Amino acid sequence: MNSHQNSTTSTPSQLSNHSPFFNSDANTPTSTIVEGPEFTTQATNAQSEKQPREKEKDVQVNDDGEPGRTIVVDWDGPNDPQNPKNWTFRRKWAATAIVSAFTFISPVSSSMVAPATETIAAQFGITNDVIIAMTTSIFVLAYAVGPLILGPLSEIYGRSRVLQAANLFYLVWNLACGFAQNTAQLLVFRFLAGLGGSAPLSIGGGVLGDVWHAEERGKAIAVYSLAPLLGPVVGPIAGAWIADQSGGGVGDGGGIGDKSNMWRWVFWSTTIVDAAIQVAGMFWLQETFAPILLERKAEKIRKEMSGDPEKGSVQDVKTVYSNQEGRTMKEIFQRSLTRPFTLFAREPIAQVIGLYMAFVYGVFYLYLTTIPTVFTTVYHESTGIGGLNYIGLGIGLTLSSQLNARYMDKLYMYFKNKNNGVGQPEFRVPSMILGSFFLPVGLLISGWASEEHVSWVVTDLGMAFVGAGIILTFQSMQTYIVDCFTLHAASALASISCLRSLAGFGFPLFAPAMYNAIGFGKGDTILAAVSIAVGWPAPIIFWKYGKAIRMKSKYARN
């Protein structure tokens with residue numbers, strides 16, 4: 001491209017604010033532009049087109065035939081079936097279901113080992129309470145690291161490739177956990193499995209942002225958000241029965257087939273299920289990231305033109321995303337791998353949401369690790385029967401998730417219509433109000449019911465309220481983030497996942513000492529008080545000041 005062309009190329013910041021190519025919905029069809037020595041431009045606002053353009057019109061060239069022209073590749077109009085946002089309803093839900101399955105199985109592993117920790121500690125001779133807690137929570141520590149790398153990589157190599165490769169990594173190391181022979185091996189293997197299992201936490205939200213329009217996104221994210229919270233509920237139920245089978249044989253010979261090693265099926269069983277999900281993903285999880293799809297389209301055009309002498313005057317074939325911020329490998333690596341850190345360091349809205357979700361996630365994992373102790377020591381239930389009480393938490397999660405899935409998009413459309421047809425991420429906040437109320441109520445009920453030895457039914461009722469409060473908050477905030485950072489949703493979710501995962505790792509480590517010192521009633525009262533202090537003002541802040549905070553952000557202002 002000659003110097004004249006370079007002088008007419010817009011900068012990324014200019015394009016993000018003024019160019020017809022930039023849209024906060026990443027896959028929304030935009031325009032096609034061709035640059036030549038005279039910088040002849042033919043730009044069309046695709047939103048106003050009623051029919052898809054023919055392929056030869058999608059790649060426009062100058063009529064003067066002068067050398068040095070650049071073809072910019074875009075979607076074939078607003079109805080292009082190759083655009084993931086125009087996929088069929090069935091195809092969109094297939095992608096959503098597979099991503100949710102990936103997101104479900106990894107958190108199952110994170111907590112399924114919790115009921116078996118006493119058996120593992122006895123076999124490996126672990127006496128330190130912190131190390132015992134780490135056998136469960138170190139998996140979540142990896143969640144703080146993995147998304148920072150895997151989320152940006154999905155914006156380089158595509159969602160599908162990175163998600164499936166990371167899941168395969170998780171599968172291998174989760175299988176290895178079942179063969180660990182000492183504490184060090186178990187902790188290392190658990191951490192490595194967590195790295196691979198962390199991919200869906202950031203990439204999954206990016207996939208949903210790729211395929212769903214904002215007014216449709218609530219239902220999909222309701223399913224996706226339920227998976228990482230329902231997984232830690234289902235896992236301990238199965239893990240408790242496995243632990244029951246191994247608990248009486250700690251003194252056995254230690255062979256793989258001995259009763260003392262039944263806890264290893266905690267890992268082997270999840271590996272079998274994950275292998276089935278991996279196979280399903282190979283068939284049904286297709287690429288959704290717009291820059292990657294258009295780059296493939298551009299590469300196909302390059303190959304076609306390389307064998308056509310009449311088109312030899314075209315100097316370059318780029319995509320609209322190349323024009324926005326450059327898609328060379330060096331630029332991509334420098335920008336994408338640092339984006340999660342940049343987002344959290346410079347984007348106020350990411351900081352506010354990240355801190356709030358970190359607290360909620362920390363409370364959730366702290367709560368999960370105390371449930372076995374409550375029902376075995378207070379209610380004197382066996383490990384297997386005690387694990388069934390997780391169903392109460394699961395009922396709260398599931399019912400609230402389904403209710404929220406039904407009404408989240410309806411509320412969004414209601415407020416959008418009142419706002420002259422303009423949607424805003426703040427329209428996701430109403431469901432957060434219920435969540436911030438249910439969480440402290442559930443903590444108080446379950447904490448004091450167990451402290452006063454009230455019927456286990458009351459404790460389970462409190463657990464259901466805790467589950468409802470957590471899922472409503474998560475769905476609201478995750479949808480808010482995806483609406484704010486559609487194109488870079490994976491990086492935004494990665495930055496937030498880091499902080500919340502650190503809380504999920506750290507909170508359970510001090511749980512035994514706190515509850516041993518002050519009891520379940522006072523311990524949960526402290527958590528409830530902090531939930532009120534943090535959670536009740538949060539919806540008001542997001543509703544009244546969310547837009548003002550977003551306007552201070554480079555990526556979320558649109």
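Computed over heavy atoms, backbone and side chain alike; hydrogens, waters and symmetry mates excluded. FYI, the numbering just counts along the sequence from 1. From a predicted model like this one, the values you see are computed outputs, not experimental measurements.
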Open item on the list: With a 4.5 Å cut-off on side-chain heavy atoms, are Asn167 and Leu163 touching?
Closed with: no

Task: Parallel, tilted or perpendicular: rings of Tyr361 and Phe474 (30°, 60°) - done: tilted

Task: Heavy-atom closest pair, residues Pro430 and Leu411 - done: CB-CD1, 4.1 Å

TODO: Return yes when atom CZ of Phe437 has more than 12 non-hydrogen atoms of other residues, nucleotides or ligands closer than 6.0 Å, and no otherwise.
DONE: no

Open item on the list: Check whether Asp460 reaches the backbone of Ile391 with its side chain - one donor and one acceptor, N or O, closer than 3.5 Å.
Closed with: no

Open item on the list: Does any part of the side chain of Leu502, heavy atoms only, come nearer than 4.5 Å to the side chain of Tyr143, both counted from C-beta?
Closed with: no

- [ ] Kindly compute the distance separating CD (Glu452) from OG (Ser450), expressed to the nearest 0.5 Å.
- [x] 9.0 Å

Task: Nearest-0.5 Å distance, CZ of residue Phe364 to CZ of residue Phe507 - done: 14.0 Å

Task: From Ser100 atom OG to Ile105 atom CD1, the distance as rounded to the nearest 0.5 Å - done: 13.0 Å

Open item on the list: Please determine whether side-chain contact (heavy atoms from CB on, under 4.5 Å) holds for the pair Leu461 and Phe465, giving the CA-CA distance in whole Å, both sets of side-chain angles, and the decisive distance to 0.1 Å.
Closed with: CA-CA 7 Å; Leu461 177 64; Phe465 274 103; 3.9 Å; yes

- [ ] Please determine, by modelled atom types, if Thr96 and Trp212 share a side-chain donor-acceptor pair under 3.5 angstrom.
- [x] yes

- [ ] Drop me the distance from Leu443's CG to Ile526's CD1, to the nearest 0.5 angstrom.
- [x] 11.5 Å

Open item on the list: I'd like to know if the side chain of Tyr515 pairs up with that of Asp524 as donor and acceptor (distance under 3.5 Å, no hydrogens or angles considered).
Closed with: yes

- [ ] Check Ser431 against Asn404 and note the closest heavy-atom contact, atom names and distance.
- [x] CB-OD1, 3.0 Å

Open item on the list: For a side-chain hydrogen bond (donor to acceptor under 3.5 Å, both in side chains) check, start with the C-alpha distance between Gln164 and Ser160, then their side-chain angles and the critical distance, and finish with the verdict.
Closed with: CA-CA 6 Å; Gln164 294 192 60; Ser160 180; 3.0 Å; yes

Open item on the list: Please give me the minimum heavy-atom distance between Ser110 and Pro107, naming the atom from each residue.
Closed with: OG-O, 2.5 Å

Open item on the list: When you compare the side chain of Val466 with that of Leu393, does any pair of heavy atoms fall below 4.5 Å?
Closed with: yes

Open item on the list: For Glu426, is there an ion pair with Arg550 - N to carboxylate O distance below 4.0 angstrom?
Closed with: yes

Open item on the list: Is the shortest side-chain heavy-atom distance between Ile203 and Phe102 below 4.5 Å?
Closed with: no

- [ ] May I ask you to decide whether Lys522 forms a salt bridge with Glu451, counting only side-chain N to carboxylate O separations under 4.0 Å?
- [x] no

Task: side-chain hydrogen bond (donor to acceptor under 3.5 Å, both in side chains) evaluation trace for Trp536 with Ser531 - done: CA-CA 8 Å; Trp536 286 10; Ser531 297; over 6 Å; no

Task: Min side-chain heavy-atom separation Phe542-Pro539 under 4.5 Å - done: no

Open item on the list: Could you measure the distance from the CG atom of Leu285 to the CZ atom of Arg161? Nearest 0.5 Å is fine.
Closed with: 12.5 Å

Task: Where Val458 and Ile445 come nearest, the two heavy atoms and their spacing - done: O-CG2, 3.5 Å

- [ ] Take Arg159 and Glu287 through the side-chain contact (heavy atoms from CB on, under 4.5 Å) test and state the conclusion after the steps.
- [x] CA-CA 6 Å; Arg159 315 287 198 202; Glu287 186 54 55; 3.5 Å; yes

TODO: Decide if atom OH of Tyr407 counts as having more than 12 heavy atoms of other residues, nucleotides or ligands within a radius under 6.0 Å.
DONE: no

- [ ] Would you indicate whether the side-chain heavy atoms of Ile496 and Ile353 approach each other to under 4.5 Å?
- [x] yes

TODO: Please state whether the rings of Tyr412 and Phe427 are parallel, tilted or perpendicular, taking 30° and 60° as the class boundaries.
DONE: perpendicular

- [ ] Begin with the C-alpha distance, continue with both residues' side-chain angles, and end with the deciding distance and a verdict on side-chain hydrogen bond (donor to acceptor under 3.5 Å, both in side chains) for Ser198 and Tyr170.
- [x] CA-CA 9 Å; Ser198 67; Tyr170 154 76; over 6 Å; no

Task: Close side-chain approach of Ile433 and Trp543, heavy atoms under 4.5 Å - done: no

Task: Asp483, Asp210, Asp409 screened by salt bridge (charged side-chain N to carboxylate O under 4.0 Å, His left out) with Arg217, the one that passes - done: Asp483

TODO: State, to 0.1 Å, how close Gly235 and Val108 come at their nearest heavy-atom pair, and which atoms those are.
DONE: CA-CG1, 3.8 Å

Open item on the list: Run Arg428 and Thr479 through side-chain hydrogen bond (donor to acceptor under 3.5 Å, both in side chains) and show every step you take.
Closed with: CA-CA 7 Å; Arg428 307 294 187 182; Thr479 315; 5.2 Å; no

Open item on the list: For the residue pair Arg91 / Gln286, report whether a side-chain donor-acceptor contact shorter than 3.5 Å exists.
Closed with: yes

Open item on the list: To the nearest 0.5 Å, what is the distance between CG on Leu397 and CD on Gln475?
Closed with: 9.5 Å

TODO: For the residue pair Val320 and Val73, establish whether any side-chain heavy-atom pair is separated by less than 4.5 Å.
DONE: no

TODO: For the residue pair Phe89 and Trp93, categorise the inter-ring angle as parallel (less than 30°), tilted (30 to 60°) or perpendicular (more than 60°).
DONE: perpendicular

- [ ] Count the heavy atoms belonging to other residues, nucleotides or ligands that lie under 6.0 Å from NZ of Lys416, then report whether that count exceeds 12.
- [x] yes

Open item on the list: Treating Lys85 as the side-chain partner and His213 as the backbone partner, does any N or O pair qualify as donor plus acceptor under 3.5 Å?
Closed with: no

